[in-house]
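Read through the structure below, which is laid out as structure tokens, and then see the notes.
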Amino acid sequence: MTQQIRGVSAAKTAVVVGAGFGGLAVALRLLARGYRVDLLEKHVDLGGRARTFELDGHSFDAGPTVITAPFLFAELFERFGEVMENQVTLLPVSPFYRMDFADGSHFDYHGTTEALVAEIDRLSPGEGEHYPEFLRAAEAMYDRGFTELAQRPFTRVADMLEVLPDLIKLRADRSIYQFVSQFFSDERLRRAFSVPSLLVGGNPFQTSALYALIHALERKSGVWYVQGGTGALIKALAELFERHGGRLHVGQSVQHLEMDGLNVRAAVTDQGRRFDADLVVSNADPLYVYDHWIERTALQRLADSHRARLKQSMGLFVLYFTTERVYADIEHHTIVFGETFREILTEIFEQRQIPEDLSLYLHRPGATDPTMAPKSGDAFYVLAPVPNLQGDQDWDQISSDVEDQIISILTQRLMPDLPQQIRAKHSISPTYFHTELNSPFGSGFSIAPTLTQSAGLRFHNQSPRYRNLFFVGAGVHPGAGVPGVVCSAGVVERLVVRAFESPADSEAGAPAGTAIRGAK
């Protein structure tokens, strides 16, 4: 049975909008605190960016492909006295990634220091000795940026000022590429160890060095694939929610939030349903919510106009395909670097053009979980960073050309017979993120993870204007990526406790083992 917090009335209702990882995580946290929770999802399926779909009679994960902080999900099951491993199976991915370079060389990113040092020395003799120092520096970023700050609310200027001295000490003002370049001189290594920023939507030449914590996080907790695909974890979380009394409503697209002054009173859907709420948590992008769901005065719109000028992350073009044969020599994850690096990123982020020299992320789940590939064949997902919709490309017109460009690169670099082997294919562009996922400008990861758009400088997890409106997801603190999105649910829980529960409630009733990591 759900363990409830003393003093939280069973009649107190929370409405959570969006059943992505963030929405599911915060719905479970509030349910465990004793709230009645209605979880609304506009699609008939769940997951948001982590939806699944069928192609060629085969299931594909549409978005996230790995889990890098499984303890965040284990904690959600623990809140209800359950064990995650009884519901889902996590399979280790090895190597974590293969980096394929245009000169024909490659680098395997392994999970141990010994293996990484050996691999660095194989690629660039003598540079392996610098890796332990790099790891220690990344761990310092992790200790401050993830362990201490990731679930800490930032709602006031003072919150940011408190941590500013530590960020200065860590030199978080540098880019992650500059940070990596302190330790490695080989350009291939610099690319390999700075590319994780692209996995949260950031340009390595502009993303804060604080995001080097991603490397330390992967080293500490591993890189895992969910047996049956990421969608299997979404399903397990939804079943946990319903098993303990949560109310899930699919096919309910929010039309607007009904306001009473500066309080949200209800969420009203296009389907004509009204969900009363003591508080609302949105997994939709804050910019979308403010622009589409809340009626504001002209003065309020003027006050909010700066939000539209925030720097957005890049767009994503994703091609899914099945093949007639198995490509056993392709690793689970392969990052295919183009000839250039800075030039590609400048074209995408600054010039908002599609480069001819694309870099790609290739996902072959059958390498770890054979059930995710067709019998006698294979299944792939290949992602290309591209401009978001601010680039004004007509994706209806050019998508087939981009598909051909991607297939051509894979044919030249990794899979010479690919054009003859493709059975079925499907692609999505930034337009999909805009129309299906309510992502402003079709951005793949909401606003970009620059230093001036991090922590308290991102969208706040609690609206500064509407007291009972909260946000989880990529656009708010601590940021994009599955761990960041799930951590944002912990931030919201703490803010809800602060706003709606007495000090005795917040101290008394959290089930054993549910302390928020790094909370102060």
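Just so it is clear, the values below take in all heavy atoms, side chains as well, and ignore hydrogens, waters and symmetry mates. Predicted model, so just to flag it, every value in this text is computed and none were measured.
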Please tabulate, one pair per line, all N/O donor-acceptor pairs under 3.5 Å involving side-chain atoms of residues 338-346, not counting sequence neighbours.
from	atom 1	to	atom 2	distance (Å)
Thr340	OG1	Asp357	OD2	3.0
Thr346	OG1	Arg342	O	2.9

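- Of the inter-residue distances, the one linking Gln227 atom CD with Met372 atom CE reads 10.5 Å to the nearest 0.5 angstrom.
- Panel note: side chain His43, backbone Glu436; a donor-acceptor pair is recorded below 3.5 Å.
- Aromatic rings of His215 and Tyr131 (six-membered ring for Trp) have centroids within the 6.0 Å cut-off, being under it.
- Contact detail for Ala192 and Phe107: the closest heavy-atom pair is CB-CD2, 4.0 Å.
- Phe380 is listed as a side-chain neighbour of Tyr327, based on a closest heavy-atom distance under 4.5 Å.
- For Ser197, there are no side-chain hydrogen bond (donor to acceptor under 3.5 Å, both in side chains) partners, not counting sequence neighbours.
- Taking the six-membered ring for Trp and the full ring otherwise, the centers of Tyr361 and His333 sit less than 6.0 Å from each other.
- Proximity of a side-chain donor or acceptor of Ser488 to a complementary backbone N or O of Gly473 within less than 3.5 Å is detected.
- The aromatic ring centroids of Phe53 and Tyr320 lie less than 6.0 Å from each other.
- Looking only at distances, a side-chain donor or acceptor of Gln453 sits under 3.5 Å from a matching main-chain atom of Lys311.
- A salt bridge does not link Glu127 to Arg188: none of the charged nitrogens lies less than 4.0 Å from a carboxylate oxygen.
- The side-chain hydrogen bond (donor to acceptor under 3.5 Å, both in side chains) test applied to Arg98 returns Asp108, not counting sequence neighbours.
- Salt bridge annotation for Arg136-Glu139: absent, with no cationic side-chain nitrogen under 4.0 angstrom from a carboxylate oxygen.
- Side chain of Asn461 to main chain of Val476: no donor-acceptor pair is present (N/O by atom type, distance under 3.5 Å, no hydrogens or angles).
- Taking the six-membered ring wherever Trp is involved, the centroid distance between the rings of Phe184 and Phe134 falls below 6.0 Å.
- The closest donor-acceptor contact from the side chain of Arg413 to the backbone of Phe337 lies under 3.5 Å.
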